There are 2 protein chains.
Amino acid sequence: MEFLSAENVEKLELKKFDIKLRYGENSHEQVYIFGKPQFEVLHEGKQLSYNNILDAEAAWVLARNLTTIGGGAAVIKHQTPCGVAYLKNESEDGKIEAIKLSIQADSESSYGGILATSFPFTLEMAKALNTYLEVIVAPEFEPQAVEFLSKKKVRLIKPKEYTPYAGKVAFGSLVLSERRFEGEPELLFGTPIDIKDVKFALIVVEAVKSNAIVIVKDGVTVGIGGGQPSRKRSAWIATTLAGNNAKDAIAASDAFFPFTDGLEILINAGVKCVVAPLGSIRDEEVLSFAREKGVTFYKSPIRLFRH
Amino acid sequence: MEFLSAENVEKLELKKFDIKLRYGENSHEQVYIFGKPQFEVLHEGKQLSYNNILDAEAAWVLARNLTTIGGGAAVIKHQTPCGVAYLKNESEDGKIEAIKLSIQADSESSYGGILATSFPFTLEMAKALNTYLEVIVAPEFEPQAVEFLSKKKVRLIKPKEYTPYAGKVAFGSLVLSERRFEGEPELLFGTPIDIKDVKFALIVVEAVKSNAIVIVKDGVTVGIGGGQPSRKRSAWIATTLAGNNAKDAIAASDAFFPFTDGLEILINAGVKCVVAPLGSIRDEEVLSFAREKGVTFYKSPIRLFRH
């Protein structure tokens, strides 16, 4: 069942769903679910919470988007990614490597995080985990993996097919937006790079709360800046977290650069390729600046705000 | 009409609301509203967008919470506060001062922001604005203020009475949490400070996406860190933004300090008073650390996660 369809677009009827959750966003707050959440809970080592479900969805939408470039793994904390890695090869070892890289990408934050993989979760993967995770989300779980993990406090979630929406309750109503990620990045100037890396940076930046700046290198995130009221500030956060890893890396921005200042921070940190949508009244100034500095610039086909 | 009530707690029936919005979260995405949003649009200098409504609600809930300490003004960007000030006196000048302080608190970010005031918005306030704002939200607008502002691109929103919820669409269902802010901060040790300042810090931190750290001084925010997967990182952002203003300031944390590291960043920056909930297995270590460092510690009555 889809949340929104031709039948219910004029009137949404959502029945209360009978599930026991720990509590609302905080322990003194009640929680409710309306409609049937499109997942199966395979193991609930600790009762699911409101935040677990929202984190699991954030992680799953990101992991599902990664399938368009062959798959990968993502660790989410508080509905925002802290580490993401794409698959370099489709072997079991390649998948375990992607999981480990997504955890290590921000080892300070991944403890207690939510892991989502675009691929089935096996016993070998479960055995390879070396940090505490609140939830694991995967399209399938090997029965032996469930058995192995059922001794732990983790929750295992297997999503069903559904269409994700960006929707929130505000002013006593439900405000709902499509969440569509489509189109191809376009090289505007500079030395072309592996398009998979450009797409990867965009997939991650779509999952980060705006203003979002994401720096990736060798198929792994090295700096994620977001949740800030200024793009320049997100660039500062992302480059500071990346440190030396920003050198020759790729940076994605979820919206256009309104000024050259954010871009300058990225370039000064060593970023060699930038992907961002256009649309600023200063586009020409921003693009000239990037061209002069010798970086490669890809145009994102769409703006990628998520709040 | 309340979003949730005894009558509809078993079954939510929401009719599509007929309002023309610019577009969804991004321009290629469709937007829908279900149920009747509890506000009046007094002026729409530019068509309202999905993001405007969500930003306006974020700003309004914060401004409404400020009434518990006598009122104030808040500027929001991307659903997170960038500058907030409480009222030092209830005169017209005092209110204009609070508006100006909320804008100046983060002048880099407030351009194009959403302003909400807890008090009626007058012509004098409209004339005193010296930055571009996307939306102004207030409990009342003086007709002359509406007339003056109707020549500008700003949207004016007057909320009605309603109960705010933290609710999001996830996995094809609506996950809803109460949003309750209650209780009194309790002094655990150190020199007592004006309780109004402690409450102010908590009201602002409730509105910041977690992990949230907010530094306030003289009734104005001087550093807001949030949207991060680690509390330590938010402390780093808040103290960096505060700079010298962190000296003798008050810091609020939306959840407990899991380690002493985040607290140490705040204390090293000069913060003299900390307010945070407890609940960590390392509470004793964290509190001992704060006591040794000579800071005042207030216990927040509740955790204040908002994502």
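Source: prediction; values computed, not measured. Quick note on labels: first sequence line is chain A, next is B, and so on, each numbered from 1.
For the set B:Thr80, B:Val208, B:Thr240, the entry with the most heavy-atom pairs within less than 4.5 Å of chain A is B:Thr240. Heavy-atom pairs under 4.5 Å with chain A were tallied for B:Lys16, B:Glu29, B:Lys160; the largest tally goes to B:Glu29. Listed options A:Gly225, A:Ala170, A:Gly24, A:Pro159 were ranked by heavy-atom pairs under 4.5 angstrom with chain B; first place goes to A:Ala170. The candidate from A:Glu10, A:His78, A:Lys11 with the greatest count of non-hydrogen atom pairs under 4.5 Å with chain B is A:His78. The greatest number of non-hydrogen atom pairs below 4.5 Å with chain B, out of A:Phe39, A:Trp60, A:Phe17, is found for A:Phe39. For the options B:Ala166, B:Gly227, B:Cys82, B:Gly183, heavy-atom pairs under 4.5 Å to chain A are most numerous at B:Ala166. Between chain B and the options A:Asn211, A:Val75, A:Ile76, A:Val31, heavy-atom pairs under 4.5 Å are most frequent for A:Asn211. By number of non-hydrogen pairs under 4.5 angstrom with chain B, the leading residue of A:Ala255, A:Ala58, A:Ser109 is A:Ser109. Chosen from B:Leu21, B:Ile157, B:Ile237, B:Ile224, the residue pairing most often with chain A at heavy-atom distances under 4.5 Å is B:Ile237. In terms of non-hydrogen atom pairs under 4.5 Å with chain B, the most contact-rich of A:Lys77, A:Lys209, A:His28 is A:His28. Note on B:Ser27, B:Pro37, B:Ser110: by heavy-atom pairs under 4.5 Å with chain A, the leading option is B:Pro37.
Defined by atom type and a distance below 3.5 Å, a donor-acceptor pair is present between the side-chain atoms of A:Thr163 and A:Glu2. Residues A:Gln79 and B:Lys168 have side chains that bring a donor and an acceptor to within less than 3.5 angstrom of each other. A donor and an acceptor atom, one from each side chain of A:Tyr132 and A:Glu134, are located under 3.5 Å apart.
Proximity to chain A is limited to the side chain of B:Leu4, based on heavy atoms less than 4.5 angstrom apart. Using a 4.5 Å cut-off between heavy atoms, B:Pro164 makes no contact with chain A at all. Of the two parts of B:Arg231, neither the backbone nor the side chain holds a non-hydrogen atom closer than 4.5 Å to a non-hydrogen atom of chain A. In this structure, chain A has no heavy atom under 4.5 Å from any part of B:Asp55. Residue contact with chain A, scored on non-hydrogen atoms closer than 4.5 Å, involves the side chain of B:Asn51 exclusively. For a residue to count as touching a neighbouring chain, one of its non-hydrogen atoms must lie under 4.5 Å from one of that chain's; by this rule B:Ser210 touches chain A with backbone and side chain alike. For a residue to count as touching a neighbouring chain, one of its non-hydrogen atoms must lie under 4.5 Å from one of that chain's; by this rule B:Tyr23 touches chain A with the side chain only. Contacts of B:Lys15 with chain A are made by both backbone and side-chain atoms, with heavy-atom separations under 4.5 Å. With a threshold of 4.5 angstrom between heavy atoms, B:Lys232 approaches chain A through side-chain atoms but not through N, CA, C or O. Interface residue B:Ala56: backbone and side-chain heavy atoms are both found under 4.5 Å from chain A. Interface remark: B:Leu304 contributes backbone atoms only to the contact with chain A (heavy atom separation under 4.5 Å). For B:Val9, the parts sitting under 4.5 Å from any heavy atom of chain A are the backbone and the side chain alike. For A:Asp18, no part sits under 4.5 Å from any heavy atom of chain B, backbone or side chain.
Atom CD1 of A:Ile33 sits about 5.0 Å away from atom OG of B:Ser173, to the nearest 0.5 Å. If you take CD1 on A:Ile19 and OH on A:Tyr32, they are separated by 15.5 Å, rounding to the nearest 0.5 Å. Taking CG of A:Leu241 as the start and CD1 of A:Ile213 as the end, the distance is 12.5 Å to the nearest 0.5 Å. Between atom CZ of residue B:Phe34 and atom CG of residue B:Leu174 there is a gap of 11.5 Å, rounded to the nearest 0.5 Å. In this structure, the separation between CZ on B:Phe257 and CD1 on B:Ile265 is 9.5 Å, given to the nearest 0.5 Å. B:Ser253 OG to B:Leu202 CG: the interatomic distance, rounded to the nearest 0.5 Å, is 9.5 Å.
Using a 30° and 60° split on the angle between ring planes, B:Tyr162 and A:Phe171 fall in the tilted class, from 30° to 60°.
The heavy-atom pair separating A:Phe256 from A:Ser280 by the smallest distance is CD1-CB, 3.3 Å.
Atom NZ of A:Lys153 has 12 or fewer heavy atoms from other residues, nucleotides or ligands within 6.0 Å.
Side-chain contact between B:Arg233 and B:Trp236 is present, with at least one heavy-atom pair separated by less than 4.5 Å.
When A:Arg306, A:Glu206, A:Arg179, A:Glu178 are each tested for a side-chain contact (heavy atoms from CB on, under 4.5 Å) with B:Asn26, only one passes: A:Arg306.
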